[in-house]
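Order of appearance sets the numbers: ligands from 1, and atoms from 1 within every ligand.
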Amino acid sequence: MNKKQQSLPTLLAAALALAFVSVSAQAVVTDADIANDATTPNDVLTAGLGQQAQRYSPIAQINAKNVGDLVPVWSFSFGGEKQRGQESQPVIANGKMFVTASYSRIYALDTQTGKKLWKYEHRLPDGILPCCDVVNRGAALYDNLVIFETLDAQLIALNQDTGKVVWKEKMADYQAGYSATAAPLIVKGMVLTGVSGGEFGIVGKVEARDARTGKLVWTRPTVEGHMGYRRDGDKMVENGISGETNKTWPGDTWKTGGAATWNNFTYNPQTNLIYAGTGNPAPWNSHLRPGDNLFSSSTLAIDADSGKIVWHYQTTPHDGWDFDGVNEFVTYTTKDAKLLGGKADRNGFFFVLDARNGKLQNAFPFVNKITWATGIDLKTGRPNYVDENRPGNPAEAKTGKEVFSAPSFLGGKNQMPMAYSRKTGLFYVPANEWGMDIHNEPVSYKKGSAFLGAGFNIKPLNDDYIGALRAVDPATGKIVWEYKNYAPLWGGVLATGGGLVFTGTPEGFLKAFDDKTGKELWKFQTGSGIVAPPITWTENGEQYVAVVSGWGGAVPLWGGEVAKRVHYLEQGGSVWVFKLHKKI
Ligand code: CA
Ligand code: CA
């Protein structure tokens with residue numbers, strides 16, 4: 001049948017199909033939507049409120065004058081007998097909230113009513129090996145898909161409307177200690193993911209997949225010496241070794257070198273670079289792996305198209321304290337138009353790098369006590385070590401010399417994301433003041449077993465507080481203000497155009513502070529500890545704020561004396577949504 005002979009029903013069907021396409025085209029999440037997320041107030045499409053993860057919203061409706069009128073609209077319980085840590089940031093699109101929960105669960109909720117639209121519970125096998133609680137940090141949106149990572153190191157894409165599985169990919173072998181807890185990052189139609197498992201001697205990697213199909217595009221190992229691969233038609237081909245084999249790792253140590261990529265990544269469209277943090281080198285006992293141990297405890301800048309490492313900056317060369325360098329690298333533009341990136345590292349120093357080439361611009365402490373180095377040499381970019389404060393070599397003995405280290409291995413800052421305000425030019429960093437007794441022990445690699453070679457006990461440094469939310473000026477290193485919290489801070493931060501900074505506490509409060517003075521303006525008790533970052537968006541002309549509540553994460557599991565001190569905190573699992581009592 002030629003075109004002229006098309007029947008009326010055929011034409012009608014074609015017209016209906018076109019109409020259907022245009023309706024669904026409005027509802028799907030595009031690359032342009034994701035690129036613009038930081039400046040579009042009516043949705044939250046990405047972890048971090050934009051690919052740069054500044055966690056800044058320009059919305060100014062809720063401000064210092066009226067934040068006292070902020071009240072809950074609805075709350076939703078994740079239910080189930082199992083609770084534990086809830087580190088998830090919800091994402092919002094087309095009147096739906098997508099929020100992940102502990103044990104690899106995800107919910108779609110109506111943003112107006114909190115009504116559950118669907119739930120997906122991933123069936124986890126026995127024998128998963130998550131190091132630091134059964135957490136998840138959130139989902140990614142692309143097209144009509146919502147994509148999230150599971151504790152058995154799978155990546156799952158669900159239909160946003162139905163919650164049905166569209167594709168599912170295995171990222172790594174959970175029996176070897178791999179797991180996955182981050183929120184994926186979408187860049188140019190690709191979904192970017194990493195892996196957890198640095199405590200089990202895994203090999204970290206950054207992977208890009210076609211977000212629509214799950215098909216691997218490239219994979220980049222983060223331990224120096226391993227081969228990268230990229231897609232060429234139907235097969236994966238070699239794409240260059242990461243660094244140079246045996247340059248910074250002796251013998252076979254690079255084969256089990258850790259450098260897990262377990263936290264959220266960021267991206268800047270001007271550099272086309274994906275910024276991925278890497279965790280500790282394995283094992284923790286540094287005497288078993290002399291050398292810098294690239295690319296552990298580093299920020300890696302990876303070209304989004306080629307999957308090659310363009311630059312790296314190692315925050316803790318030859319790490320001996322579990323100072324995972326996974327903290328997010330947040331790019332920002334200075335008043336004189338420089339493109340920089342800030343990172344509040346687990347090792348206690350705040351680093352400012354040129355986002356294009358990784359050159360160190362500034363480095364300063366953002367915690368009060370650091371024992372392992374006296375500072376960062378701004379010329380060489382390397383730390384000035386205090387050698388006697390490295391845990392001693394156990395050599396043939398059972399244990400090496402014990403030292404007291406600050407920060408503790410849970411870090412000056414851990415997984416909880418900071419915010420950068422485009423209004424004040426300040427970073428708002430959720431920090432902790434604590435130290436640890438640590439010693440090294442002999443250890444050898446065994447698949448699926450902890451690969452540490454260390455014993456430790458975390459201790460508070462002060463009687464009255466551990467957590468400290470700090471407003472940090474990246475240009476001067478000045479702490480502009482701080483808010484002290486009794487329990488360690490483990491949530492995340494949101495800054496707004498209304499001059500507010502929001503963060504949650506393990507004691508259960510979501511709090512709002514003045515962004516210039518740090519004055520506490522509002523708080524609400526959510527019923528369990530908050531270890532997740534808040535978000536904000538507008539709907540029907542009203543500004544909403546949301547946060548997930550549910551105490552857990554690494555502190556109760558690894559926190560030693562600190563864990564005992566906060567043992568009274570109760571678990572939970574819910575999401576809360578707030579707006580102003582009166583419509584403005
Ligand atoms: Ca947006
Ligand atoms: Ca680690």
Side-chain angles (χ1 to χ4, degrees), residues 29-59 89-98 111 129-133 140-142 177-179 181-182 186 194-204 222-223 256-263 277-286 293 296-298 315-316 319-327 345-347 405 407-411 413-415 422 436 438 450-454 456 458 494 496-497 535-539 543-544 546 553-555 557-558:
V29 176
T30 66
D31 284 303
D33 295 335
I34 287 166
N36 295 330
D37 189 28
T39 53
T40 51
N42 60 335
D43 56 26
V44 177
L45 304 175
T46 55
L49 289 82
Q51 290 163 314
Q52 291 174 261
Q54 291 180 339
R55 295 187 181 272
Y56 173 79
S57 169
I59 309 170
Q89 183 220 289
V91 284
I92 308 281
N94 305 309
K96 293 190 188 81
M97 172 187 285
F98 303 94
T111 52
L129 294 163
C131 75
C132 308
D133 208 0
L141 299 176
Y142 190 71
Y178 288 90
S179 57
T181 53
I186 303 289
V195 288
S196 309
E199 275 58 55
F200 298 94
I202 59 96
V203 174
T222 54
V223 177
T256 51
T261 43
W262 60 263
N263 213 352
T278 60
N280 62 284
W284 286 17
N285 178 351
S286 63
N293 311 135
S296 65
S297 302
S298 301
T315 42
T316 315
D319 169 35
W321 303 266
D322 188 36
F323 285 153
D324 292 40
V326 295
N327 283 289
D345 200 272
R346 193 145 138 175
N347 70 19
S405 291
S408 79
F409 68 84
L410 289 178
K413 175 180 165 300
N414 201 287
Q415 58 83 29
R422 298 198 291 276
M436 62 178 167
I438 181 168
F451 188 40
L452 301 183
F456 37 79
I458 292 185
L494 167 73
T496 74
I535 58 165
T536 191
W537 75 101
T538 55
E539 211 164 299
Q543 182 177 1
Y544 289 79
V555 175
L557 297 174
W558 293 79

I186 CD1 to T46 OG1 distance, which is reported to the nearest 0.5 Å: 10.0 Å
Can you tell me how far the CZ atom of R55 sits from the CG atom of L49, to the nearest 0.5 Å? 6.5 Å
So S57 and P41, do their side chains get closer than 4.5 Å, heavy atoms only? no
Enter the distance from N94:CG to N42:CG here, rounded to the nearest 0.5 Å. 9.0 Å
Which value, rounded to the nearest 0.5 Å, describes the distance between T538 atom OG1 and I59 atom CD1? 4.5 Å
Mind checking how many protein N/O/S atoms fall short of 3.0 Å from the Ca ion (ligand 1)? 6
Distance alone, cut at 3.5 Å: any donor-acceptor contact between the side chains of D33 and T30? yes
How about the Ca ion (ligand 2), which protein N, O or S atoms come within less than 3.0 Å? E199 OE2, N280 OD1, D322 OD1, D324 OD1, D324 OD2
By the definition ring-ring contact (aromatic ring centres under 6.0 Å, His included), identify the one residue from F409, W321, F200 that meets it with W284. F409
With sequence neighbours left out, the residues meeting ring-ring contact (aromatic ring centres under 6.0 Å, His included) with F98 are none
N327: which residues meet the side-chain contact (heavy atoms from CB on, under 4.5 Å) condition with it, sequence neighbours left out? K343, R346, K413
